[in-house]
S.K.: 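Here it is, the structure in full.
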Amino acid sequence: MRESRGLVLFLCTGNYYRSRFAEVWFNHLAGASGLGWRADSAGLRIDAEQRHNVGPMSRNAIAALHRRSIDPEPHLRLPRPVTAEDLASADRVVAVLREEHEPMIQASFGDAADTARYWDIRDVPPSADYDPMAEVDRRVRRLIGELAAGG
């Protein structure tokens, strides 16, 4: 196994859907390519989300993993809140929706909002017009490419 070269921290509101899929998908692709990076994920507002999020991971994220031949079972854990230590230990922080997450990071962690990267992936169920998991897939693949190129 190749030594880890860095940590990517994916953030979303509830650590239930977008960030969880990004974490597992990134780790799968990075491992398959021997990249040497790993990912983790956390949520910015876990308590407020628990009434909507039932179980350890969104069924849409689980279905997206199945479609990519990844067994979600080893990756099932309850959503967890982000901590200042998480942000400090991450080499890259990616929040999946700027308009929602930048203010949350700013309010709780100040300057960390300036160093995070932001994607624009909405928290909606997949539809014929928009599939958040397909967009996360594309963005994770792009990030893997950037990191492989030394970026």
Side-chain angles (χ1 to χ4, degrees), residues 1-65 68 70-125 132-133 135-148 150-151:
M1 174 186 259
R2 196 169 172 183
E3 184 178 323
S4 180
R5 291 186 356 206
L7 173 67
V8 176
L9 177 64
F10 291 104
L11 300 175
C12 69
T13 305
N15 191 221
Y16 183 68
Y17 184 30
R18 297 163 292 171
S19 65
R20 292 294 293 288
F21 175 73
E23 172 194 352
V24 175
W25 186 230
F26 180 96
N27 285 333
H28 175 80
L29 293 175
S33 69
L35 182 61
W37 282 71
R38 67 181 184 85
D40 194 4
S41 68
L44 292 158
R45 196 169 284 154
I46 298 296
D47 294 337
E49 292 301 309
Q50 291 308 311
R51 68 177 178 263
H52 302 292
N53 298 343
V54 178
M57 187 186 296
S58 161
R59 68 176 182 257
N60 292 320
I62 290 170
L65 292 171
R68 289 158 179 82
I70 297 173
D71 178 9
E73 192 66 32
H75 309 286
L76 297 180
R77 62 161 171 79
L78 290 176
R80 69 176 191 84
V82 67
T83 65
E85 292 78 24
D86 291 328
L87 294 167
S89 66
D91 298 289
R92 299 279 174 106
V93 175
V94 177
V96 298
L97 184 61
R98 178 184 289 275
E99 68 185 59
E100 183 178 355
H101 300 131
E102 188 173 33
M104 290 179 185
I105 297 170
Q106 181 66 43
S108 297
F109 302 103
D111 291 343
D114 298 333
T115 60
R117 291 181 174 204
Y118 296 94
W119 293 348
D120 292 309
I121 302 171
R122 291 175 281 134
D123 184 10
V124 295
M133 298 298 91
E135 186 59 29
V136 171
D137 181 318
R138 283 189 288 278
R139 297 302 300 259
V140 165
R141 287 177 187 273
R142 187 179 308 157
L143 178 58
I144 292 275
E146 290 171 15
L147 295 172

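Scope of the values below: all heavy atoms of this structure, side chains included, with no hydrogens, waters or symmetry mates. Model, not experiment: these values are computed from the prediction.
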S.K.: Show, in sequence, the C-alpha distance, side-chain angles and deciding distance for D123 and Y16, and conclude whether the side chain to side chain contact (heavy atoms under 4.5 Å, CB included) test is met.
M.R.: CA-CA 10 Å; D123 184 10; Y16 183 68; over 6 Å; no

S.K.: For the atom pair CD (E23) and CG (N15), what is the distance rounded to the nearest 0.5 Å?
M.R.: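 The distance works out to 7.0 Å.
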
S.K.: So which atom in I105 and which in A116 form the shortest heavy-atom distance, rounded to 0.1 Å?
M.R.: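 Closest approach of I105 to A116: CD1-CB, 4.3 Å.
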
S.K.: If you define the side chain from C-beta out and look only at heavy atoms, does anything of R38 sit under 4.5 Å from R5?
M.R.: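 No - every pair of side-chain heavy atoms lies 4.5 Å or more apart.
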
S.K.: When you look at L7 and S89, which way does the side chain to side chain contact (heavy atoms under 4.5 Å, CB included) test go after all the steps?
M.R.: CA-CA 8 Å; L7 173 67; S89 66; 4.1 Å; yes

S.K.: Identify, with sequence neighbours excluded, every residue that meets side-chain hydrogen bond (donor to acceptor under 3.5 Å, both in side chains) alongside D86.
M.R.: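 So D86 forms a side-chain hydrogen bond (donor to acceptor under 3.5 Å, both in side chains) with R80, T83.
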
S.K.: Which atom names give the shortest non-hydrogen contact between R98 and P103, and what distance separates them?
M.R.: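 Looks like O-CD, 3.7 Å.
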
S.K.: Can you pull the ring pair (Phe, Tyr, Trp, His ring centres under 6.0 Å) pairs that have at least one residue in residues 95-122, sequence neighbours excluded?
M.R.: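 Output for this query lists F10-W119.
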
S.K.: Show your reasoning for whether side chain to side chain contact (heavy atoms under 4.5 Å, CB included) applies to W37 and L143.
M.R.: CA-CA 11 Å; W37 282 71; L143 178 58; over 6 Å; no

S.K.: Does any part of the side chain of L35, heavy atoms only, come nearer than 4.5 Å to the side chain of F26, both counted from C-beta?
M.R.: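 Counting from C-beta outward, F26 and L35 do come under 4.5 Å.
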
S.K.: Shortest non-hydrogen contact from P79 to I46?
M.R.: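 Nearest pair, atom of P79 first, then I46: CB-CD1, 3.8 Å.
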
S.K.: Is any side-chain heavy atom of I70 less than 4.5 Å from a side-chain heavy atom of H75?
M.R.: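 A side-chain contact under 4.5 Å exists here.
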
S.K.: Would you say CZ of R68 has more than 12 non-hydrogen atoms from neighbouring residues, nucleotides or ligands within 6.0 angstrom?
M.R.: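 Atom CZ in R68 is crowded, with more than 12 foreign heavy atoms closer than 6.0 Å.
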
S.K.: Which atom names give the shortest non-hydrogen contact between M104 and R45, and what distance separates them?
M.R.: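 What the structure gives for the nearest pair is CE-NH1, 3.4 Å.
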
S.K.: I need the single residue from D111, L11, T115 that forms a side chain to side chain contact (heavy atoms under 4.5 Å, CB included) with L87. Which is it?
M.R.: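 Considering D111, L11, T115, a side chain to side chain contact (heavy atoms under 4.5 Å, CB included) with L87 is found only for L11.
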
S.K.: Measuring only between side-chain heavy atoms, which start at C-beta, is V94 closer than 4.5 Å to R139?
M.R.: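 No. Closest side-chain heavy atoms not under 4.5 Å.
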
S.K.: So I62 and L76, side chain to side chain contact (heavy atoms under 4.5 Å, CB included) or not? Walk me through it.
M.R.: CA-CA 9 Å; I62 290 170; L76 297 180; 4.1 Å; yes

S.K.: Evaluate the criterion side chain to side chain donor-acceptor pair (under 3.5 Å) for residue pair R77 and S41; output intermediate values, then yes/no.
M.R.: CA-CA 11 Å; R77 62 161 171 79; S41 68; 3.1 Å; yes

S.K.: Which residues pass the ring-ring contact (aromatic ring centres under 6.0 Å, His included) test with H28, sequence neighbours left out?
M.R.: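 Scan of H28 (ring-ring contact (aromatic ring centres under 6.0 Å, His included), adjacent residues dropped) gives W25.
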
S.K.: Using side-chain heavy atoms (C-beta onward) and a distance below 4.5 Å, is L97 in contact with T13?
M.R.: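 Side-chain contact under 4.5 Å: no.
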
S.K.: Measure across S58 and Y17 and return the closest heavy-atom pair with its distance rounded to 0.1 Å.
M.R.: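 Closest pair (atom of S58, atom of Y17, distance): OG-CD1, 3.4 Å.
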
S.K.: Locate the shortest heavy-atom distance separating S19 from A42; write the atom from each residue and the value.
M.R.: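 Closest approach of S19 to A42, heavy atoms only: OG-O, 3.9 Å.
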
